Number of protein chains: 2
Amino acid sequence: MSVGIKISLNDGLYLRDPQDSDLGRNIIKYSIILIDEFGIESFTFKKLAIKINSTEASIYRYFVNKHILFLYLVNWYWEWVNYLIRINTMNITNSKAKLGIIIHSFVAASNENPLVEYVNESRLQRIVNSEGMKVYHTKDVDAENSKGFFKSYKDLAYAVSAVIMEVNPSFKYPYTLATNLFEMTNNHIFFAQHLPRLTDASIVDNENDEVENMLNYFVEKLLA
Amino acid sequence: MSVGIKISLNDGLYLRDPQDSDLGRNIIKYSIILIDEFGIESFTFKKLAIKINSTEASIYRYFVNKHILFLYLVNWYWEWVNYLIRINTMNITNSKAKLGIIIHSFVAASNENPLVEYVNESRLQRIVNSEGMKVYHTKDVDAENSKGFFKSYKDLAYAVSAVIMEVNPSFKYPYTLATNLFEMTNNHIFFAQHLPRLTDASIVDNENDEVENMLNYFVEKLLA
DNA sequence: TCATTAACAATAGTAATACTATCATTAATA
DNA sequence: TATTAATGATAGTATTACTATTGTTAATGA
């Protein structure tokens, strides 16, 4: 039996709430580990079942399929970043400083204190950096969007755009900039590691400082 | 027997050059149509084989698997945009104007004259907009990168970054901006259609003018 | 305390997917 | 005319993505 914070996610994402049982928490924990190690394409419920000494059938009682489980995990990340931004900007009055904190949350989310024991935030961030966008770049977006499965991302975009508007109320593209900062973070952390010719940033000692500086520079220029 | 321009792609992408035979050209033509209609996840060689009255085995003689076929198509697009940029900026001396043409190529590539009969550029652009990034967001990036499978994208990034440097030689992030413009194009065309709360642009009458204006505005601000 | 239920494990089975292999046919080429 | 290359036809395999059934155990409740 484990206690602690519960992240609240759209209940259409699961059949049985994985946060409420040991098996469920194991599914979350080890799906993150397996996806991080082998990628979403070669991840299967069968492999996960073996890893956690359970069965495919049992996992299917929690999630309809691997795509939805993946979407659940990415939603978790979106909610977590939302949470980080909320608590870290809470007592900040300067809007530019808030935006700096937001960018830092995008880039270095995994350096924050873990929220729950069964989620390895560092691995989860790496998954989102490298494969997160796959959850909405599908033919099912519209159907899933209408079920509210992307609400956490929209909430994030809204929160960030609000700060952007504080910094520069006349800026015409607050939502675009908000999502672009998030997507840029993911892309350029990934590019720096795998396709360095596609970016000017590099990752030194596993730290994303260059990406962070780059994002801050873009924001500064755009909102000047 | 068809004549015409041949797009030159990394020959590690195919087993037999699909541009050299009717079957090969049919594979290209109808894989684009099927992927556009049903998405890459539900696209299979079996379905393609039925569509073109051939067999799975025959398609496997051209491409090792569907991921590589997909990568071939995305490479085609990258090469095509490279080609458009080259010919359309050829006689332009003003660097800012060149960058405008580049952005227009990203956004409205499909409005250009078709290069070959068997590639529907409009469908291909829609595929790249919505699913193109999946070709490199995989666990095989490094292996495929070392085979040169992403060279066309790098060439594109290089060409665009060169113009960015012409416009503002002191700009610190030319590659980042180059790839970000391309990725932003794809993302926001997709968002405008499927997740409008994630962007400020909208698509009116199937025209991407708002996305184009938005990109031009970003570039103007960043390179000012 | 006995009966019921919930959660899970164990097992089996199915259709589709992602291939590989073999052999026959046809068209081009030498 | 003989050979080869390209394709078609067919079959087969391992894996994936599920669904269904049955049994066990632990908690709950009357």
Side-chain angles (χ1 to χ4, degrees), chain A residues 1-3 11 13-31 34-35 37-73 118 131 134-135 138-140 144, chain B residues 1-3 11 13-31 34-35 37-73 118 131 134-135 138-140 144:
Chain A
M1 207 34 199
S2 119
V3 284
D11 63 11
L13 289 169
Y14 48 81
L15 300 170
R16 198 194 302 296
D17 192 335
Q19 296 185 81
D20 287 349
S21 71
D22 286 324
L23 177 59
R25 288 182 291 266
N26 259 320
I27 291 172
I28 295 174
K29 179 171 183 174
Y30 289 96
S31 61
L34 288 179
I35 293 170
E37 277 178 19
F38 306 110
I40 188 66
E41 332 288 349
S42 64
F43 170 81
T44 68
F45 278 9
K46 180 90 203 169
K47 289 173 186 168
L48 176 58
I50 291 165
K51 184 88 176 180
I52 63 179
N53 287 307
S54 181
T55 61
E56 277 184 276
S58 295
I59 297 167
Y60 276 106
R61 289 192 193 100
Y62 284 84
F63 295 101
V64 274
N65 56 46
K66 93 166 169 184
H67 172 252
I68 297 295
L69 165 55
F70 187 44
L71 184 49
Y72 178 94
L73 297 176
Y118 52 96
E131 310 199 71
K134 290 179 191 170
V135 301
T138 72
K139 284 285 170 185
D140 299 324
E144 290 175 356
Chain B
M1 206 33 198
S2 116
V3 285
D11 63 12
L13 289 169
Y14 47 82
L15 301 170
R16 198 196 301 295
D17 192 334
Q19 295 184 81
D20 288 348
S21 70
D22 285 324
L23 177 59
R25 288 182 291 266
N26 258 321
I27 290 172
I28 295 175
K29 178 170 184 175
Y30 289 96
S31 60
L34 287 180
I35 293 171
E37 277 178 19
F38 305 111
I40 187 67
E41 331 288 349
S42 64
F43 170 81
T44 68
F45 278 9
K46 180 89 203 169
K47 289 173 186 167
L48 176 59
I50 291 166
K51 185 88 177 181
I52 63 179
N53 286 309
S54 179
T55 63
E56 276 185 276
S58 295
I59 298 168
Y60 276 107
R61 290 193 188 101
Y62 283 84
F63 295 101
V64 275
N65 56 45
K66 92 168 170 183
H67 171 252
I68 298 294
L69 165 55
F70 187 44
L71 184 50
Y72 178 94
L73 297 177
Y118 51 96
E131 310 198 70
K134 290 179 190 171
V135 301
T138 72
K139 284 285 169 184
D140 299 325
E144 290 175 356

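Sequence lines set the chain letters: A, B, ... in the order given, protein chains first and strands last, and positions in each chain run from 1. For the numbers below, each heavy atom of this structure counts, side chains included, while hydrogens, waters and symmetry mates do not. None of these values were measured; they are calculated from a predicted model.
Taking A:Phe63 as the reference, A:Tyr72 meet the ring pair (Phe, Tyr, Trp, His ring centres under 6.0 Å) condition, with sequence neighbours excluded. Residues satisfying the salt bridge (charged side-chain N to carboxylate O under 4.0 Å, His left out) criterion with A:Glu37, sequence neighbours excluded, are A:Arg123. Listed by chain and number, the residues in a side chain to side chain contact (heavy atoms under 4.5 Å, CB included) with A:Ser58 are A:Leu23, A:Ser54, A:Thr55, A:Arg61 (sequence neighbours excluded). For the side chain to side chain donor-acceptor pair (under 3.5 Å) test, no residue two or more places apart in sequence or in another chain qualifies with B:Tyr30. Scored by the ring pair (Phe, Tyr, Trp, His ring centres under 6.0 Å) test, B:Phe38 finds no partners at all (sequence neighbours excluded). The side chain to side chain contact (heavy atoms under 4.5 Å, CB included) test applied to B:Asn65 returns B:His67, B:Ile68, not counting sequence neighbours.
Of all the heavy atoms in A:Leu48 and A:Leu69, the pair that sits closest is CD2-CD2, 4.3 Å.
Both B:Leu23 and B:Glu56 lie near DNA chain D, and the one whose nearest nucleotide falls closer to the 5' end is B:Leu23.
Among pairs with a residue in residues 39-53 of chain A, those fulfilling side chain to side chain donor-acceptor pair (under 3.5 Å) read A:Glu41-A:Lys134, at least two apart in sequence or across chains.
Between B:Lys66 atom NZ and C:dC19 atom P there is a gap of 9 Å when expressed in whole angstrom units. Taking atom CG on A:Asp22 and atom C1' on C:dA6, their separation rounds to 15 Å, with Å as the unit. Rounded to whole Å, the distance from OH on B:Tyr60 to C1' on C:dT22 is 17 Å. Atom CD1 in B:Ile27 sits about 13 Å away from atom C1' in D:dG8, given to the nearest Å. Between the CZ atom of A:Arg25 and the P atom of C:dC8 there is a distance of 10 Å, rounded to whole Å. Computed from coordinates, the A:His67 NE2 to D:dT16 P distance equals 19 Å when rounded to whole Å. In this structure, A:Ile68 atom CD1 and D:dA17 atom P are separated by 14 Å, rounded to whole Å. Rounded to a whole Å, the CD1 atom of A:Ile59 is 16 Å from the C1' atom of C:dT11.
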Which atoms of nucleotides 25-30 of chain C (N or O only) lie under 3.5 Å from a protein N or O atom, and what are those distances?
none

Between N or O atoms, less than 3.5 Å apart, protein on one side and nucleotides 21-26 of chain D on the other: list the pairs.
none

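Look at B:Ser58 and you won't find any side-chain N or O under 4.0 angstrom from OP1 or OP2 of D:dA6. For C:dC8, neither phosphate oxygen OP1 nor OP2 lies less than 4.0 angstrom from any side-chain nitrogen or oxygen of A:Thr55. Between D:dT7 and B:Tyr62, a contact under 4.0 Å exists linking OP1 or OP2 to a side-chain N or O.
Of the residues in residues 39-50 of chain B, none has a non-hydrogen atom less than 4.0 angstrom from any atom of DNA chain D.
Heavy atoms of A:Phe63 sit nowhere under 4.0 angstrom from any nucleic acid atom.
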